[in-house]
2 protein chains.
Amino acid sequence: MAAQTRERILDTSLAAFGLRGYDSTSLDELAAELGITKQAILYHFSSKEHLLTATIELAVKELGSALGGASKSQARGFQRIEDLVRATFSLAARRPEVLGLVRLVSRQGGSASGALASAMSAMLGDAVRFVEREMVAGRFRRLEPRMLLLAVYSAVIGVATEPEVMRALGLEPDLRSLVKARRETIEFLRAALIAD
Amino acid sequence: MAAQTRERILDTSLAAFGLRGYDSTSLDELAAELGITKQAILYHFSSKEHLLTATIELAVKELGSALGGASKSQARGFQRIEDLVRATFSLAARRPEVLGLVRLVSRQGGSASGALASAMSAMLGDAVRFVEREMVAGRFRRLEPRMLLLAVYSAVIGVATEPEVMRALGLEPDLRSLVKARRETIEFLRAALIAD
DNA sequence: TCTTAGACTTACCATTTGGTAAGTTATCTG
DNA sequence: CAGATAACTTACCAAATGGTAAGTCTAAGA
């Protein structure tokens, strides 16, 4: 039961921080959820901020293993974008808290966010180069690559993690709707990216 | 100094809740920022939750007056979308906290969010009908209207309110970049929406 | 001038929060 | 078996938090 506790804490923290937020989650709540005492958490992570740092590291790993395949694929043109969007939606359905934490950190910045920030920087850098190549090759419409990616990133993350807005639109955020949202997002991006 | 205090509290709360979040903002901080005591806040708003409700109401008003013109315009086709996006970016530059609060509420939901939720519901309902008409008229590409709007909403709000991601892309979130982002977002949406 | 009401402030308070200190228990090692 | 070490728990604690109660000051009305 020993070495597992650390991972259980990280798992629970990821869910709590990613879905409810950092300040909204107290160590006491986390401990109660885990059936241990708060001090057990502080034994493994010397402060709440260190716990956040470690949680972010876990999220970076999960993000890497979920999107790594698609982002490093050798697919060309729109197929590669489609792979990435599919992988992102799959992650949003399986572990919404991971994308929630990405959003949280990307908004707040903060000192603990170094790992995620640099991981994202790397992924976005690759993406920029990929998009530029495709534009040069004439497979993508010519737009400013970084702004384009920001729009694509925002659209995908937003669609995948904005259940309340879906409700406001009269859509239930269940699995079927998510599948539909994925399909429509891909069509939307295809239309935006591919020059006729 | 009397009647103004209430509005000053609301202004400061809007900035704090919208940019830092609800749980991350304490009444003591707000009071210190305003140069009054916490109890002065509680005199005007009987609890922190009531303050949030009133703050949301203010945000709804600001949102309405900022986007109302564009959203009720009689412009047709893509021009109307462009007007709306311009108005949104203008709001993002002038009062980022308003969109921040919209995002916060649209994520967390909660009991206090009724006003904003219904305001957004109404705006989105109008938007759905507008998009449907334009599709029928053949001016917009045929996509699922609600999903399309979710993607558009996410892209615009994301681009307008995601400074950390802009930094990760190597863009400084200053006014010039925001103008550029607006132009690129409009081009992106034009490409996605208009069938050739 | 006396009173009343509004707009606060000073003084508290119970609870929650992140964190420390000092045990306790089990396992592993010499 | 002795003792060290890892993995906790029990017992605290100071600061911060949302909120209550009572007092103060000022301006307006009777």
Side-chain angles (χ1 to χ4, degrees), chain A residues 1-59 97 101 104-105 108-114, chain B residues 1-59 97 101 104-105 108-114:
Chain A
M1 302 270 181
Q4 286 187 353
T5 302
R6 199 191 143 92
E7 289 170 27
R8 282 182 59 225
I9 293 172
L10 280 177
D11 255 31
T12 309
S13 301
L14 180 51
F17 292 160
L19 298 176
R20 298 199 301 258
Y22 178 71
D23 285 312
S24 317
T25 305
S26 74
L27 294 181
D28 286 295
E29 277 179 271
L30 281 179
E33 221 167 302
L34 284 160
I36 59 178
T37 58
K38 165 174 58 176
Q39 287 68 21
I41 298 177
L42 288 166
Y43 171 75
H44 289 282
F45 308 92
S46 52
S47 73
K48 194 186 178 186
E49 214 181 314
H50 282 114
L51 175 59
L52 176 61
T53 306
T55 304
I56 289 174
E57 267 168 42
L58 173 61
E97 61 268 28
L101 197 70
L104 182 124
V105 170
Q108 306 277 15
S111 56
S113 65
Chain B
M1 304 271 182
Q4 287 188 354
T5 302
R6 198 191 144 92
E7 289 171 26
R8 283 181 59 226
I9 294 172
L10 280 177
D11 255 31
T12 309
S13 300
L14 180 51
F17 292 160
L19 297 177
R20 298 200 301 259
Y22 178 72
D23 284 312
S24 317
T25 305
S26 73
L27 294 182
D28 286 295
E29 276 178 274
L30 281 178
E33 221 167 304
L34 285 159
I36 59 178
T37 58
K38 165 174 60 177
Q39 286 68 22
I41 298 177
L42 288 167
Y43 171 75
H44 289 282
F45 308 92
S46 52
S47 74
K48 195 186 177 186
E49 213 179 317
H50 283 114
L51 175 59
L52 176 61
T53 307
T55 304
I56 289 175
E57 267 167 40
L58 173 61
E97 62 268 29
L101 197 70
L104 183 124
V105 169
Q108 305 278 15
S111 56
S113 66

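Values reported hereafter were calculated over all heavy atoms of this structure, with side chains retained and with hydrogens, waters and symmetry mates removed. Keep in mind it's a predicted model, so treat the numbers as computed, not measured. Every chain is numbered from 1 and lettered A, B, ... according to where its sequence line falls, protein lines coming before strand lines.
By the side-chain contact (heavy atoms from CB on, under 4.5 Å) test, A:Leu19 is found to be paired with A:Pro96, A:Glu97, residues two or more places apart in sequence or in another chain being considered. Annotation: salt bridge (charged side-chain N to carboxylate O under 4.0 Å, His left out) contacts of B:Lys38 (sequence neighbours excluded): B:Asp28. With sequence neighbours excluded, no residue forms a side-chain hydrogen bond (donor to acceptor under 3.5 Å, both in side chains) with B:Thr37.
Atom pair A:Arg20:CZ and C:dT17:P shows a separation of 11 Å (rounding to whole Å applied). Going from atom CZ of A:Arg6 over to atom P of D:dA6 covers 14 Å, rounded to whole Å.
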Give the B/S/- string for nucleotides 15-27 of chain D, one per nucleotide from 5' to 3', where a protein heavy atom under 4.0 Å of the base yields B, of only the sugar-phosphate yields S, and otherwise -. --SBBBB------

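The heavy-atom pair separating B:Leu14 from B:Leu58 by the smallest distance is CD2-CD2, 3.9 Å.
The side chain of A:Tyr43 places no N or O atom within less than 4.0 Å of a non-bridging phosphate oxygen (OP1 or OP2) of D:dC8. In this model, the phosphate group of D:dC8 is approached by a side-chain N or O of A:His44 to a distance below 4.0 Å at OP1 or OP2. Contact between the side-chain N/O atoms of A:Thr5 and the OP1/OP2 oxygens of D:dC8 is found at a separation under 4.0 Å.
Applying the ring-ring contact (aromatic ring centres under 6.0 Å, His included) test to residues at least two apart or on different chains, the pairs with a partner in residues 18-42 of chain B are B:Phe17-B:Tyr22. Sorted by first then second residue, the salt bridge (Lys or Arg N to Asp or Glu O under 4.0 Å) pairs that include residues 18-27 of chain B, not counting sequence neighbours, are B:Arg20-B:Glu29, B:Arg20-B:Glu33.
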